[in-house]
Amino acid sequence: MTAATPSSQSLIFDEPLREQLIARISAGESPDTLLDELIAHGFDEDTAVSALTTLLQARLTELKSSKITPTLTKVPDPLDREWPAILERPELDLKDQRIEVQLALTRPRIVVFRHFLSPHECDQLIELARQRIEASEVIDMQSGSTRRDEGRTSSGMNFQRAETPLIERIERRIAALLRWPYENGEALQVLRYRVAEEYQPHFDYVDPTQPGATPFLARGGQRVATFLMYLNTPADGGGTNFPDAGIEIAAHKGSALFFSYDRPDPTTLTRHGGMPVRQGEKWVATQWLRESAHR
Ligand code: PD2
Ligand code: ZN
């Protein structure tokens, strides 16, 4: 447990800690366990009990008045039909490499593929992106525009959709693998992390109750899945972690990490981060999938 500021008088949960506590409670963890951890981290017992109770009551009120639809959103799922049949799809446009499933989990829904991109495709993507990268930004949920953020220290760029034959081939391969409409994909984004750079844990969906979400959601609806392709193998560090689920995926050249979220809620356990690179560089390309056509 991290990111809390103990005080004998009051206990203020900052946003990451609040989300972590909510996710763990929603995942069935007992409040007593969380209480024990808070106390072990230096909070006094009465303060911890009262702050946790307040948090749970506030969350209940939030859920009751939430604009979030209780029904689940349909999400892509690459494994919902027989796997070998998928690989025969000509739209995958694979030459010699054969995609393999390396890991599949149900909650959070995560699938890791090996050999999604060939080594040559990875190198080409890096070279195309290298000339255009700038400091990465995040979406400001108050205004809906983008801004720099200290939690995201990478550099990056966005391609246009189908900008080159290579980009279009990769976009179509993702759509074919996930059986999700091509039009529902966002433009590919490439990120580069140098030593000590990271992307601290966050959710990729937007909070629909925030003012800045409206313009985002108007174009293609909510994000429902992330498809993250590792373009190189960092010398050390740079994995992608899911702290609420205790999962870490190693960055490996050509592999792809898929995860989906059927509602914009921490109970999906999809809070994830790009862990600091300890040595060398890390390059990734990401496509986010929307509920509907993204124009
Ligand atoms: O680079 C990553 O591993 C990473 C981790 C979490 C990228 C993103 N999120 C992202 O671009 O959303
Ligand atoms: Zn992310």
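These figures come from a predicted structure and were not determined experimentally. Counting starts at 1 for both ligands and their atoms, following the listed order.
- When only modelled atom types and interatomic distance are considered, T240 and Y230 share a side-chain donor-acceptor pair under 3.5 Å.
- Contact of the N232 side chain with the H252 side chain is not registered, since no non-hydrogen atoms from C-beta on lie closer than 4.5 Å.
- At the shortest separation from atom 5 (C) of ligand 1 among protein heavy atoms lies G274 N, 3.3 Å.
- The Zn ion (ligand 2) lies at the vertex of an angle of 90° between the NE2 atom of H272 and the OD1 atom of D204 (rounded to 10°).
- Listed by number with element, the atoms of ligand 1 under 4.0 Å from a non-hydrogen atom of W288 are 10 (C), 11 (O), 12 (O).
- For ligand 1 and K282, the ligand atoms under 4.0 Å from any heavy atom of the residue are 1 (O), 2 (C), 3 (O).
- With a 4.0 Å heavy-atom cut-off, ligand 1 is reached by the side chain of H202 but not by its N, CA, C or O.
- M275 is not listed as a side-chain neighbour of E198, based on a closest heavy-atom distance of 4.5 Å or more.
- Counting only heavy atoms of the protein, atom 6 (C) of ligand 1 lies nearest to H272 CD2, 2.9 Å.
- The heavy atom nearest to atom 10 (C) of ligand 1, out of those in F259, Y199, F203, is found in Y199.
- Nearest approach of P266 to Y205, heavy atoms of both residues: N-OH, 3.3 Å.
- A salt bridge does not link R173 with D93: none of the charged nitrogens is closer than 4.0 Å to a carboxylate oxygen.
- The shortest distance between side-chain heavy atoms of H272 and D204 falls below 4.5 Å.
- Applying the 4.0 Å criterion to heavy atoms of V284 picks out, from ligand 1, the atoms 1 (O).
- Under the 3.5 Å distance criterion, with hydrogens and angles disregarded, no donor-acceptor pair is assigned to the side chains of E100 and Q102.
- Atom 12 (O) of ligand 1 has as its closest protein heavy atom D204 OD1, 3.1 Å.
- Near R152, meaning under 4.0 Å from any of its heavy atoms, are these atoms of ligand 1: 11 (O).
- Contact atoms of ligand 1 toward Y193: 1 (O), 2 (C), 4 (C), 7 (C) (distance under 4.0 Å to a heavy atom of the residue).
- Every atom of ligand 1 is numbered from 1 in the order shown, and the set under 4.0 Å from a heavy atom of L191 is 11 (O).
- The one candidate from T226, T267, T270, T73 that meets the side-chain hydrogen bond (donor to acceptor under 3.5 Å, both in side chains) condition with Y261 is T226.
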